[in-house]
Amino acid sequence: MPTDPQSALLTIQAGLAQLSTLIVSYSFSAVGAVILLVVGYLVAGLAERSIYAGLGHIHGFDETLRHFFSQVVRYAILILVVIMVLGQFGVQTASIIAAIGAAGLAIGLALQGTLQNIAAGIMLLALRPFRIGENVEVGSIAGKVEEIGLFATKLRTVEGVYILAPNSTLWNQPVRNFTRNGVRRADITLSIGSWNDIDRAQKTLLAIAGAEKRIRREPAPIAFVAGLGDATVSLTLRYWTSAADYFSTQIDMTKRAKQAFDSEGISIPLPPPEVPAPEARKQ
């Protein structure tokens, strides 16, 4: 059936008018979205720098936490801007927020262990049970702290072994920090024969401790009888030194104690000779 030319023309004109209306409407929305994106991006960057600088004025606030919190603020603003841009085009933002919440919950459940490490890392950086350069022991992990991250902490053992420990492991156990207090107590125990003069041996130990500059005068070193054996007496020299000099002082003092006993004629008993078993003697 032939179409009336005038009706067709009216239909085309109506369609063009509707199309032009949509183009104008979406053009304004697009321009507004671009402006919103640019402004939001600039605001996010400004907020990030402001938070980073503001936290820097807090004495002792960790550098890693400064980066973390400033980045969280930046990305939160950017996500909010994206939601607002979508709203410019008529998208239901309520459903988007619900979807983001559901996705966040799913990701949180999937990355539960990782999130625990992040939370533990934040607590370690905030409460500072240990710092970089300190020697610590946490459960079976011991070494010098080299880096504290949001996910894991790097340590180096006295043997030079590299350890990467999850933060949740370090946070959930008692921490023994050998460096934090600055000083440490050391004990050196030696056994001498029971026939030796105990007072003389104690004076000898105190003399070598008094001659060592790395040993603190307060609290003063002491030497005492730590135990008695069948033919031996265990003497302990107890002194305080700085945490940095702990191992070197202990090594040197052990050597000097043995040398001083030798020069003073104080004998250290030898272990009894091994007696072969009857079966071995028969052979």
Side-chain angles (χ1 to χ4, degrees), residues 52 55-56 58-72 108 110-191 205 208-209 212-219 221-222 226-227 234 236-258:
Y52 183 82
L55 293 177
I58 301 176
H59 178 69
F61 202 88
D62 191 83
E63 182 73 14
T64 304
L65 283 181
R66 289 176 65 191
H67 281 290
F68 176 75
F69 286 123
S70 60
Q71 289 286 325
V72 167
L111 301 177
Q112 185 176 4
T114 303
L115 294 177
Q116 286 179 351
N117 287 327
I118 294 176
I122 293 174
M123 296 303 295
L124 290 174
L125 291 169
L127 299 181
R128 294 175 174 269
F130 49 78
R131 299 185 178 95
I132 294 176
E134 293 182 337
N135 292 297
V136 299
E137 179 180 283
V138 187
S140 60
I141 301 172
K144 185 176 183 179
V145 180
E146 293 190 332
E147 181 181 334
I148 305 173
L150 284 176
F151 298 95
T153 297
K154 297 179 182 178
L155 302 97
R156 179 168 51 88
T157 68
V158 292
E159 297 88 2
V161 178
Y162 169 86
I163 296 179
L164 183 65
N167 286 333
S168 58
T169 302
L170 301 178
W171 176 249
N172 292 324
Q173 299 186 73
V175 177
R176 298 183 65 196
N177 192 323
F178 301 106
T179 312
R180 177 62 56 85
N181 291 334
V183 295
R184 288 187 64 181
R185 194 193 76 187
D187 290 352
I188 297 176
T189 301
L190 299 95
S191 294
L205 291 176
I208 63 172
E212 175 55 57
K213 295 180 179 181
R214 291 171 293 182
I215 293 180
R216 293 177 172 263
R217 299 297 174 259
E218 188 64 35
I222 60 173
S234 296
T236 294
L237 173 64
R238 175 170 292 173
Y239 59 88
W240 289 81
T241 184
S242 66
D245 295 331
Y246 175 80
F247 289 105
S248 61
T249 305
Q250 190 176 47
I251 292 172
D252 293 340
M253 291 300 295
T254 302
K255 178 181 178 180
R256 291 175 190 173
K258 174 62 169 65

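Counting from 1, the numbers follow the sequence of the chain as shown. Just so we're clear, the structure is a prediction, and the values are computed from it rather than from any experiment. FYI, side chains are in, hydrogens and waters are out, and symmetry mates aren't considered; it's all heavy atoms of this structure.
- For the pair Leu205 and Ile188, the minimum side-chain heavy-atom distance is 4.5 Å or more.
- With hydrogens and angles ignored, the 3.5 Å screen pairs a side-chain donor or acceptor of Asn177 with a backbone N or O of Pro129.
- Taken from CD1 in Ile222 to CH2 in Trp240, the straight-line distance is 10.5 Å, to the nearest 0.5 Å.
- Judged by distance alone, with hydrogens and angles left aside, the side-chain atoms of Thr249 form a donor-acceptor pair with the main-chain N or O of Asp245 at under 3.5 Å.
- Atom-to-atom distance recorded for Asn135:CG and Tyr246:OH is 11.5 Å, nearest 0.5 angstrom.
- Side-chain atoms of Ser168 do not come within 3.5 Å of backbone N or O of Ala120 as any donor-acceptor pair.
- Counting heavy atoms from C-beta on, the side chains of Gln250 and Tyr239 come closer than 4.5 Å.
- Counting heavy atoms from C-beta outward, Lys144 and Phe178 have side chains that stay 4.5 Å or more apart.
- Note that CD of Glu137 and OG1 of Thr157 are 12.5 Å apart. Values are rounded to the nearest 0.5 Å.
- With values rounded to the nearest 0.5 angstrom, Ile208 atom CD1 is found 12.5 Å from Lys255 atom NZ.
- The minimum heavy-atom distance linking Ile141 with Ala165 is given by the pair CD1-CB, 3.8 Å.
- Between Ile118 and Phe151 there is a side-chain heavy-atom pair separated by less than 4.5 Å.
- The CZ atom of Arg216 sits 15.0 Å away from the CZ atom of Arg185 when rounded to the nearest 0.5 Å.
- Separation of atoms CG (Leu170) and CE (Met123) is listed at 14.0 Å; rounding is to 0.5 Å.
- Residues Arg214 and Asp252 have side chains in contact (heavy-atom distance under 4.5 Å, counting atoms from C-beta outward).
- The minimum heavy-atom distance between Pro166 and Asn117, with the atom names listed, is CB-OD1, 3.7 Å.
- In this structure the side chain of Ile215 reaches within 4.5 angstrom of the side chain of Met253, judged on heavy atoms.
- Using modelled atom types, no side-chain atom of Asn167 and backbone atom of Ala119 make a donor-acceptor pair closer than 3.5 Å.
- You'll find the side chain of Val138 stays beyond 4.5 Å of the side chain of Trp171, heavy atoms only.
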Assess the residue pair Arg156 and Glu146 against the criterion (salt bridge (Lys or Arg N to Asp or Glu O under 4.0 Å)); give the C-alpha distance rounded to whole Å, side-chain angles, the decisive distance to 0.1 Å, and a yes or no. CA-CA 7 Å; Arg156 179 168 51 88; Glu146 293 190 332; 2.7 Å; yes

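- Shown here for Ile148 and Phe130, the closest heavy-atom pair between the two residues is CD1-O, 3.6 Å.
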